[in-house]
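Heads up: the structure comes next, in structure tokens.
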Protein chains: 2
Amino acid sequence: MVVSEAGRRIAEYPRPQADVFDQNCPSRSVLDHVTSRWGVLILDALRERPYRFNELRRRIGGVSEKMLAQTLQTLERDGFVLRDAHPVIPPRVDYSLTPLGRQAADLTDALKTWVEQHVPEVLDARDRHDARAEA
Amino acid sequence: MVVSEAGRRIAEYPRPQADVFDQNCPSRSVLDHVTSRWGVLILDALRERPYRFNELRRRIGGVSEKMLAQTLQTLERDGFVLRDAHPVIPPRVDYSLTPLGRQAADLTDALKTWVEQHVPEVLDARDRHDARAEA
DNA sequence: CGGTATCCTGAAGGATACTG
DNA sequence: CAGTATCCTTCAGGATACCG
């Protein structure tokens, strides 16, 4: 599991100064979860509206069931995603953002949007870089 | 190499609509580079000021030489980081942000800052979640 | 439908040694 | 100092099968 690493907080080491540059700081793990490969995309999708599991899977190109479930669990545990399981048959589970998750998602969305807008510049930079490398 | 996957752009598939949810869109790779484990931290560090290689290594807790070099190369290729090698002995190489890189770094910094400020809430959420799981 | 369990492979990434 | 090269380990993550 993704969450296992710095998972449980040790009682003797409670809430230290948050500093991502410190490898032992819990903020590092939170940042890792939020910026994880599928984390960003999940947060961004849920920003539109709540999604059901397979619906979300279709929305996000290339996720496997396993990674979607795993990443959702991680985000749920961190308090970013709300899992609402309806006791019906067939099962129905809705995933949505918590208020905390929405704040995070707004920031990742800003990043996503910026990236989408600047892809051409990046591709140009790559071309120039590769041209130099060949010479 | 990290950059190898969707590296070279194919002539017949030039600059499609940018959509991170499409697994074949180049924006996906750009987002992956920017949000990569060390990418965020490197961008954020260089936001303070230019850094030399080992200086940067010390600034960022837990990076190996290999990953630092690799991630720097990726970010340089994408046009986010400028590598300035001085022809002196001993060697001196300064890394800094390009204007494009600074824009990206400002966004990742917003995310980093938000995360650092909300770590306590996330840790609380984790505690509550784990408590539920045990019951 | 919405998962979990298991297995397996390729890639990420660390450690070490070496070089200009 | 600033890397590269090599080796080796870990783990992300895909495929498949099964379950409530």
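Residue numbering restarts at 1 for every chain, and letters A, B, ... go by the order of the sequence lines.
For E48(A), the side-chain hydrogen bond (donor to acceptor under 3.5 Å, both in side chains) partners at least two apart in sequence or on another chain are Y51(A), R59(A).
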Please tabulate, one pair per line, all N/O donor-acceptor pairs under 3.5 Å involving side-chain atoms of residues 34-42 of chain B, not counting sequence neighbours.
| from | atom 1 | to | atom 2 | distance (Å) |
| --- | --- | --- | --- | --- |
| T35(B) | OG1 | L31(B) | O | 2.7 |
| S36(B) | OG | H33(B) | O | 3.0 |
| S36(B) | OG | G39(B) | N | 3.0 |

For residues 79-91 of chain B, dump all side-chain donor-acceptor pairs below 3.5 Å to protein atoms at least two apart in sequence or in another chain.
| from | atom 1 | to | atom 2 | distance (Å) |
| --- | --- | --- | --- | --- |
| R83(B) | NE | Y95(B) | OH | 3.3 |
| H86(B) | ND1 | R92(B) | O | 3.2 |

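Summarising the geometry, the separation between CD on Q70(A) and C1' on dC11(D) is reported as 10 Å, rounded to the nearest angstrom. Remark: C1' of dA12(C) and CG of D32(A) are 13 Å apart, rounded to the nearest angstrom. The CG atom of L68(A) sits 14 Å away from the P atom of dC1(C) (whole-angstrom rounding). Going from atom NE2 of H33(A) over to atom C1' of dA12(D) covers 13 Å, rounded to whole Å. Per the geometry, NZ belonging to K66(A) stands 13 Å off P belonging to dC11(D), to the nearest Å. Remark: C1' of dG13(D) and CD1 of I60(A) are 15 Å apart, rounded to the nearest angstrom. Rounding to whole angstrom units, CG of residue L72(B) and C1' of dC1(D) are separated by 15 Å. The separation between E65(B) atom CD and dG13(C) atom P is 16 Å, rounded to whole Å.
A ring pair (Phe, Tyr, Trp, His ring centres under 6.0 Å) check over residues 106-133 of chain A, counting only residues at least two apart or in different chains, returns the pairs W114(A)-H118(A).
Expressed to the nearest 0.5 Å, how far CD of E116(A) lies from OG1 of T113(A) amounts to 6.0 Å. The distance from the CG atom of L111(A) to the CG atom of L107(B) is 5.5 Å, given to the nearest 0.5 Å. Note that the OG1 atom of T71(B) and the CD1 atom of I60(B) stand 8.5 Å from one another [nearest 0.5 Å]. Taken from CG in L56(B) to CZ in R58(B), the straight-line distance is 10.0 Å, to the nearest 0.5 Å.
Contacts with DNA chain D (heavy atom under 4.0 Å) in residues 37-59 of chain B: R52(B), F53(B), N54(B), listed by number. Listed by residue number, the members of residues 85-93 of chain A with any heavy atom below 4.0 angstrom from DNA chain D are P91(A).
In this structure a side-chain-to-backbone donor-acceptor pair under 3.5 Å is present from R102(A) to R47(A).
Residue-to-nucleotide proximity on DNA chain D shows that, of V63(A) and R83(B), the 5′-proximal contact is made by R83(B).
Proximity of Q73(B) to the phosphate of dT4(D): a side-chain N or O atom is located under 4.0 Å from OP1 or OP2.
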